[in-house]
Amino acid sequence: MYANEDFLLELLEENGTISAPDLEGARHRKKNTQTVIDVLLETGKVSEEDLARTLAVSSGMDFVDLLHTEIDQSVVEAVEVDVARRYKVVPISYDGSTMTVAVADPLDFDTLDTVRHVIPYELNFVCSSVKQIKQLLLDLYGTEGLSEEQASELGAAGGVTVTDEDGGDSEAPVIRLMSQMLQEAYQNKASDIHIEPMENEVRIRYRIDGALHKVAEHPLRLLSAMVSRIKIMTGTMSIAEKRVPQDGRIRVKAGDQDLDLRVSTVPTSNGESIVMRILDKKSLLLGLPQLGFFSDDQENFNNLIRLPDGIILVTGPTGSGKTTTLYACLNEINKPDKKIITVEDPVEYVLSGINQVQVKEDIGMTFAAALRSMLRQAPNIIMIGEIRDIETASIAINASLTGHLVFSTLHTNDAPGAVARMADIGVKRFLIASAVRAIVAQRLVRTICPDCAAPAVLSEKDMITLNMDAGQIADADVKAGAGCRTCRMTGYKGRLGIYEIFNINDEVTHMINAEMSTPQLRKKARELGMRTLREDGVRKVLSGITTAEEVVRVTMSDSD
């Protein structure tokens with residue numbers, strides 16, 4: 001690591017940084033691939049800064065804390081990236097006659113002489129720590145052209161953090177940018193962060209309450225460093241591979257909150273695009289009322305999730321809150337006398353007291369394979385992330401018919417449409433009729449910001465679109481958000497669900513067996529008291545929870 005380790009150890013002992021017993025202990029603990037300084041650093045007897053300051057004093061150089069030093073980008077561009085990486089030097093500034101360059105080992109005279117020849121400027125050397133120099137090389141030059149081993153040696157050697165917990169690494173430019181981005185996204189309750197390379201810049205957008213908001217633009221030259229930093233943070237994604245999509249996960253702290261991030265990269269014509277989905281564990285604490293159920297629907301749903309067997313399906317498009325609803329159900333019925341097993345792809349949240357299985361199709365752990373094994377574990381309740389094929393559907397149905405309560409999801413537009421979807425997968429109609437107890441369709445609507453909510457009047461167009469009459473709005477509490485800083489001038493803050501609950505009773509069972517169409521099933525469901533998504537949305541408009549525009553945006557018109 002250092003050109004003259006013995007001399008450096010003598011200096012450390014002389015200035016009192018380490019004691020003779022510390023030094024002797026380090027010599028005894030040293031393994032074949034380690035140096036004595038490695039052991040001292042590992043045991044905390046010395047720090048990287050101790051070493052750098054000691055070397056700076058001994059060589060008559062100034063010590064520079066790079067993480068708190070402004071770097072002149074034009075100077076960085078003046079030094080070839082290969083030179084900076086090979087000799088581990090960081091150009092800092094240029095005053096018109098002399099360039100200041102940071103090095104980690106001022107005792108490595110051969111390297112200093114070589115640097116003087118390859119950088120065509122009068123040089124002033126200053127000393128900084130090895131860790132800081134590696135960090136700045138990664139942040140300033142990225143990983144373009146590096147092998148994975150070289151990039152790991154530069155950027156992952158000291159671990160990665162995006163918080164200010166250690167007061168050090170978080171000040172590096174790219175890490176500081178990432179930390180700020182995560183903090184801001186979390187504070188604004190964003191569900192995901194989009195890092196998108198455009199033609200001339202990197203665009204940053206947050207998805208807040210289901211809508212994307214552009215929050216920043218950065219120079220395109222930062223993209224490589226940002227992508228590499230995120231990939232290294234996952235610990236599983238390859239920074240050398242830029243041609244194919246990749247997925248990974250990151251666990252970080254935002255202030256005092258632990259966050260899980262699900263990371264996805266996709267190569268585009270301008271570079272790799274990244275989406276980081278923020279999985280906030282607080283959403284696990286939601287009860288059924290917080291999901292958006294009114295009291296009558298909540299009572300109905302409470303009865304359904306306490307059935308001894310059968311299948312309960314939650315349907316809706318991607319991003320409609322199906323997983324949150326399923327987790328809220330499991331939390332509601334998670335008792336010591338019940339064994340609950342889930343099979344998910346991926347396991348988004350870890351639930352206390354519940355056995356969760358991660359699908360890994362590359363090793364043969366498919367939904368169907370996991371389900372077959374799960375049934376031998378004698379569970380009472382099973383949750384399947386999604387029914388995707390006939391094999392998974394068949395095992396789920398067999399489980400429900402043998403005394404298990406099964407929760408799962410499907411991608412359909414409404415609740416009655418799930419019957420046809422199951423049939424399309426290949427499930428026999430009599431099995432659907434026998435196994436399925438209820439189907440719940442849902443959407444998410446933005447709720448009116450409480451800080452700027454004010455009485456509002458529904459327009460004639462809204463009333464016609466939502467099929468409302470004057471009698472319905474006579475005692476209504478219709479509101480709208482005027483827009484304020486709290487809601488980023490949108491008038492909305494937060495989201496909740498609107499639902500339609502399709503209970504499968506004997507009449508519906510006969511209709512399914514008779515292969516009745518989806519419109520016929522829907523008509524019967526409404527006769528039996530099912531409220532449609534739009535009708536549930538109207539109730540929330542009249543209660544001052546959301547707006548007519550939101551309900552129209554996420555629901556289809558009702559037709560029999």
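Computed over heavy atoms, backbone and side chain alike; hydrogens, waters and symmetry mates excluded.
Considering CZ of Arg277 and CZ of Arg262, their distance stands at 5.0 Å, rounded to 0.5 Å. Rounding to the nearest 0.5 Å gives a distance of 10.5 Å between OG1 of Thr54 and CD of Glu14. For the atom pair Phe407 CZ and Leu330 CG, the distance stands at 6.0 Å (nearest 0.5 Å). Interatomic distance, Ser128 OG to Leu55 CG, rounded to the nearest 0.5 Å: 11.0 Å. With rounding to the nearest 0.5 angstrom, the CD1 atom of Ile274 is 9.5 Å from the CD atom of Gln246.
No donor-acceptor pair closer than 3.5 Å links the side chain of Glu13 to the backbone N or O of Leu23. No donor-acceptor pair closer than 3.5 Å links the side chain of Asn334 to the backbone N or O of Asn331. With Gln356 contributing its side chain and Leu351 its backbone, the two residues share a donor-acceptor pair below 3.5 Å. Side chain of Glu201 to main chain of Ala216: no donor-acceptor pair is present (N/O by atom type, distance under 3.5 Å, no hydrogens or angles). Not a single donor-acceptor pair under 3.5 Å links the side chain of Glu24 to the backbone N or O of Ala26. A donor-acceptor pair under 3.5 Å links the side-chain atoms of Ser408 to the main chain of Ile384, judged by distance alone. A distance-only check finds no donor-acceptor pair linking the side chain of Asp260 to the backbone of Arg251 [under 3.5 Å]. No side-chain donor-acceptor contact under 3.5 Å links Ser264 to the backbone of Val275. A donor-acceptor contact shorter than 3.5 Å is absent between the side chain of Asn188 and the backbone of Ala190.
Under a 4.0 Å N-O distance rule, the pair Glu386/Lys322 does not qualify as a salt bridge. One finds no salt bridge joining Arg27 and Asp22 here, because no Lys/Arg side-chain nitrogen approaches an Asp/Glu carboxylate oxygen to under 4.0 Å. One finds a salt bridge joining Glu196 and Arg203 here, because a Lys/Arg side-chain nitrogen approaches an Asp/Glu carboxylate oxygen to under 4.0 Å. Ion pair Glu49/Arg53 flagged as a salt bridge, since at least one NZ, NE, NH1 or NH2 atom sits closer than 4.0 Å to an Asp/Glu carboxylate oxygen.
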Inset, instruction - For Arg446 and Glu550, run salt bridge (charged side-chain N to carboxylate O under 4.0 Å, His left out): C-alpha distance rounded to whole Å, both residues' side-chain angles, the deciding distance at 0.1 Å, then the answer. - result: CA-CA 7 Å; Arg446 292 182 292 175; Glu550 273 296 287; 3.0 Å; yes
Inset, instruction - Given side-chain hydrogen bond (donor to acceptor under 3.5 Å, both in side chains), test Thr547 with Tyr492 step by step and report yes or no. - result: CA-CA 9 Å; Thr547 64; Tyr492 298 100; 2.7 Å; yes
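Contact check for Lys231 versus Ser238: no side-chain heavy atoms found under the 4.5 Å cut-off. Side-chain contact check for Ile37 versus Leu9: some heavy-atom pair is nearer than 4.5 Å.
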